Colleague: 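After the structure tokens below, expect a handful of questions from me.
Just so it is clear, the structure is predicted and the values come from calculations on it, not from any experiment. No hydrogens, no waters, no symmetry mates; every other heavy atom, side chains included, goes into these values.
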Amino acid sequence: MKKTFVAMAVVVFMALSFVSCNKQNAKNNEVKIEETEKQAEEKPEPVQEDVKTLYVSESLRLRKSESTDSEIIATMIIGTEVEIMETGKAETIGDVSGNWVKIQVVNDVTDLKGNAMQGTVGWCFDGYLVEDATRFGLIGNWENERNILNFKSDGEFSFGWKESEGIGGKWNLDGQTILLSVLDNPDNEPYSEEWKLVNLDAQNLQFVRNGETFVLTRVR
């Protein structure tokens, strides 16, 4: 009888221990779930950065890595549209400070040698990238069968006919209007002109001057 009672007591104790253990495990699991949920709530959502598009303000080398010693992929021409993919190290090159950036060429444009560039990825120095494409896109040499045009970054310009003298002076940009102060011309009398800008991309320029439409191509 005594042995039976002891055996029953052992069985009851083991059963109680099992139940208690299961309850504790369940409680521990609940705590872990609560902690996981809390951590998930506290973890900030990843911030999606806005894609930034910039434009090349002067001939700019595209390289394989963020260094002037890195291999050159191509030389991008003025007006090339690029999308910033990654920002790299800060550096001062000459007297220009900026960052190296990993970019992808967005527009259908060629490099200085005439090779297609759209979709090309590489590193360049952002000290020569600008947000305003229009003014910097004008800078450079343009021509067609009859005309030669040059806009300089210092505000000087010259416009001429291949068979005769041309004009020159100062230029500026006001919206879609090219403002010119003509200081050098065959009549030697200063005057002003306004050209209506119709189209501008990395390779083509179209404007209206005194009612006449001019279409010119960038000279590389």
Colleague: Residues two or more places apart in sequence or in another chain: which of them pass salt bridge (charged side-chain N to carboxylate O under 4.0 Å, His left out) with Glu194?
Modeller: none
Colleague: Is the ring pair Phe214/Phe207 parallel, tilted or perpendicular, if the boundaries are 30 and 60 degrees?
Modeller: parallel
Colleague: When clusters are formed by joining ILVMFWY residues with side-chain heavy atoms under 4.5 Å apart, either directly or through shared neighbours, do Val82 and Ile93 land in the same one?
Modeller: yes
Colleague: Looking at every heavy atom in both Asp108 and Gln203, which two are closest together, and how far apart are they?
Modeller: O-OE1, 4.0 Å
Colleague: How many angstroms lie between CZ in Arg61 and CG in Asp111, if you round to the nearest 0.5 Å?
Modeller: 12.5 Å
Colleague: Who are the side-chain contact (heavy atoms from CB on, under 4.5 Å) partners of Val101, not counting sequence neighbours?
Modeller: Ile84, Thr87, Ile103, Cys124, Asp126, Leu129
Colleague: With a cut-off of 6.0 Å (strictly less than), are more than 12 heavy atoms of other residues, nucleotides or ligands near CD of Glu189?
Modeller: no
Colleague: Could you report the tightest heavy-atom contact between Ile167 and Pro186, atom names first, then the distance?
Modeller: CG2-CD, 4.4 Å
Colleague: Let me confirm one number: the OG1-CH2 distance from Thr217 to Trp142, rounded to the nearest 0.5 Å.
Modeller: 8.0 Å
Colleague: How long is the span from the CG atom in Leu54 to the OG1 atom in Thr80, to the nearest 0.5 Å?
Modeller: 12.5 Å
Colleague: Quick one: are the ring centres of Phe125 and Trp123 less than 6.0 Å apart?
Modeller: no
Colleague: Atom CH2 of Trp171 and atom OG of Ser181: how far apart are they, to the nearest 0.5 Å?
Modeller: 12.5 Å
Colleague: Is Glu66 paired with Lys89 through a side-chain N to carboxylate O contact shorter than 4.0 Å?
Modeller: no
Colleague: With side-chain contact (heavy atoms from CB on, under 4.5 Å) as the test, would you mind laying out the steps for Val121 and Leu62 before giving the verdict?
Modeller: CA-CA 8 Å; Val121 175; Leu62 185 65; over 6 Å; no
Colleague: For the backbone of Val109 and the side chain of Asn107, can you confirm whether one donor and one acceptor N or O come within less than 3.5 Å of each other?
Modeller: no
Colleague: Kindly compute the distance separating CH2 (Trp195) from CG (Leu149), expressed to the nearest 0.5 Å.
Modeller: 5.0 Å
Colleague: Report the distance from atom CG of Leu179 to atom CG of Asp174, rounding to the nearest 0.5 Å.
Modeller: 5.5 Å
Colleague: Between Asn150 (side chain only) and Gly140 (backbone N and O only), is there a donor and an acceptor less than 3.5 Å apart?
Modeller: yes
Colleague: Where do Ile73 and Gly122 come nearest, in terms of heavy atoms and distance?
Modeller: CD1-CA, 4.0 Å
Colleague: Shortest non-hydrogen contact from Asn144 to Lys162?
Modeller: O-NZ, 2.8 Å
Colleague: Asp154: what forms a side-chain contact (heavy atoms from CB on, under 4.5 Å) with it, not counting sequence neighbours?
Modeller: Lys152, Glu156
Colleague: Report yes if some heavy atom in the side chain of Val106 is under 4.5 Å from a heavy atom in the side chain of Tyr55; otherwise report no.
Modeller: no
